[in-house]
Amino acid sequence: ACLLILCLPACSSQIPEGAPKSAIDQSDEEGFKRQRLRMVEQQIKARGIESEAVLQAMSKVPRHRFVPAPQASFAYEDHPLPIGHGQTISQPLIVAYMTEAAEITANDKVLEIGTGSGYQAAILGEVAKVVYTIEIIPELAASATQILSELGYKNVHVKTGDGYLGWPEHAPFDGIVVTAAPDQIPQALVDQLAIDGKMVIPVGTTSQQMVIVTKTREGVVQRKTIPVRFVPMVSKPGASK
Ligand code: SAH
């Protein structure tokens with residue numbers, strides 16, 4: 001399998017000159033698909049992600065379409081990548097981990113904070129019924145909207161806004177996935193979580209921990225899991241948290 005991956009650029013250049021562009025695109029897509037399935041086996045399954053729905057979503061969503069073109073050939077590698085505006089798309093394992101930890105099922109309504117490239121939103125769109133995602137940088141919200149619509153994700157809704165406020169019009173949410181790190185858990189998001197819902201959120205400044213928040217009728221339970229590194233969750237100056 002290793003050899004196959006390594007020979008990809010050479011393989012694509014073997015397409016005869018003058019071949020229709022679609023033939024070239026198709027061979028690229030097949031190469032990306034092989035890389036993607038290998039990513040799922042070696043980075044995701046091998047590290048303990050078990051949810052069939054999450055593994056299927058990670059096998060399906062074309063991560064290379066969510067990164068800037070010069071980064072496409074690194075899209076299936078085991079690390080975060082820059083997506084412009086000083087932001088990053090998370091390492092594939094972290095995307096899978098958060099989606100699994102949120103325990104999302106096919107009928108769920110999910111909120112994501114920090115749309116970024118739109119990749120995590122697409123993964124959530126595969127496992128949930130409907131996804132609402134908020135991005136504070138308008139240009140990123142616009143490019144994520146564009147790619148999600150090109151790929152046909154009609155159940156993913158993007159807006160430009162401040163994630164500290166959540167999206168009260170669509171609450172309560174069965175799951176909330178926060179992909180930027182606040183220094184403490186925003187109360188508005190806890191309020192917008194459904195009973196029995198789970199929120200997965202990196203918390204902290206210099207050192208961060210992933211926290212899984214479960215809301216029950218009796219109250220809110222927080223469980224710290226793994227150390228992580230996310231970009232900070234920012235707020236518009238003067239906006240109330
Ligand atoms: N989930 C993204 C990666 C997110 S990186 C992906 O799959 O590509 C974190 C994102 O959170 C950045 O795009 C950043 O602009 C955004 N962000 C930071 N603070 C925010 C806030 N208060 N509200 C909404 N988005 C925020």
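Whatever order the structure lists them in is the order used to number ligands and atoms, beginning at 1.
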Does Leu140 reach ligand 1 with a nitrogen or oxygen that is under 3.5 Å from one of the ligand's nitrogen or oxygen atoms?
no
Any idea which part of Ala121 is under 4.0 Å from ligand 1, heavy-atom wise: side chain, backbone, both or neither?
neither
Is there a donor-acceptor contact under 3.5 Å linking the side chains of Thr225 and Tyr97?
yes
Looking only at protein heavy atoms, what sits closest to atom 21 (C) of ligand 1 is Val234 O, 3.5 Å
Contact check: Ile113 vs ligand 1, nitrogen or oxygen atoms, below 3.5 angstrom:
no
Any nitrogen or oxygen of Tyr164, side chain or backbone, less than 3.5 Å from one on ligand 1?
no
Of all protein heavy atoms, the one nearest atom 11 (O) of ligand 1 is Gly114 CA, 3.2 Å
If we only consider heavy atoms of Ile123, is any one of them less than 4.0 Å away from an atom in ligand 1?
no
Polar atom proximity, Ser117 to ligand 1 (N or O, under 3.5 Å):
yes
Between Val231 and Val200, is there shared hydrophobic-cluster membership here, with clusters defined by ILVMFWY side-chain heavy atoms closer than 4.5 Å?
no
Considering distance alone, does some N or O of Ser235 sit under 3.5 Å from an N or O of ligand 1?
no
Give a yes-or-no answer on whether the side chains of Asp183 and Thr205 include a donor-acceptor pair shorter than 3.5 Å.
no
One finds that the ligand 1 atoms under 4.0 Å from a non-hydrogen atom of Ala180 are 11 (O), 18 (C)
For Gly161, state whether at least one heavy atom is located under 4.0 Å from any atom of ligand 1.
yes
Residue and atom name of the nearest protein heavy atom (relative to atom 7 (O) of ligand 1), distance in Å to one decimal
Gln120 N, 3.0 Å
Has the side chain of Arg47 got a donor or acceptor atom that lies under 3.5 Å from a matching backbone atom of Gln43?
yes
Using heavy atoms and a threshold below 4.0 Å, how should the contact between Thr88 and ligand 1 be classified: side chain, backbone, both, or neither?
backbone
To which of Gln87, Glu139, Glu112 does the heavy atom nearest atom 14 (C) of ligand 1 belong?
Gln87
Give every residue pair that meets the side chain to side chain donor-acceptor pair (under 3.5 Å) criterion with at least one member in residues 60-75, sequence neighbours excluded.
Glu29-His64, Lys60-Glu126, His64-Tyr76, Arg65-Glu150
Without hydrogens or angle criteria, can the side chains of Thr133 and Glu112 be said to hold a donor-acceptor pair below 3.5 Å?
yes
Under-4.0 Å heavy-atom contact with ligand 1, by part of Thr179 that carries it
both
I need the contact type for Ile89 against ligand 1. Using non-hydrogen atoms and a strict under-4.0 Å cut-off, is it side chain, backbone, both or neither?
both
Residue, atom and distance of the protein heavy atom nearest atom 25 (N) of ligand 1 read Ile136 N, 3.2 Å
In terms of atom number and element, which parts of ligand 1 are under 4.0 angstrom from non-hydrogen atoms of Pro232?
18 (C)
Starting from atom 15 (O) of ligand 1, find the nearest protein heavy-atom neighbour and note its residue, name and distance.
Glu135 OE2, 2.6 Å
Please check if the side chain of Glu135 supplies one atom and the backbone of Gly116 the other of a donor-acceptor pair under 3.5 Å.
yes
Can a non-hydrogen atom of Pro182 be found less than 4.0 Å from any atom of ligand 1?
no
Taking only heavy atoms of Ile137 into account, list the atoms of ligand 1 that are under 4.0 Å away from them.
15 (O)
For the backbone of Ser51 and the side chain of Glu100, can you confirm whether one donor and one acceptor N or O come within less than 3.5 Å of each other?
yes
Donor-acceptor pair, distance only, cut-off 3.5 Å: does the side chain of Asn155 make one with the backbone of Gly125?
yes
Backbone N/O of His170 and side chain of Lys109: donor-acceptor pair under 3.5 Å
yes
Between Gly163 and ligand 1, does any nitrogen or oxygen pair lie at a separation below 3.5 Å?
yes
Are a donor atom and an acceptor atom from the side chains of Gln87 and His85 found within less than 3.5 Å of each other?
no
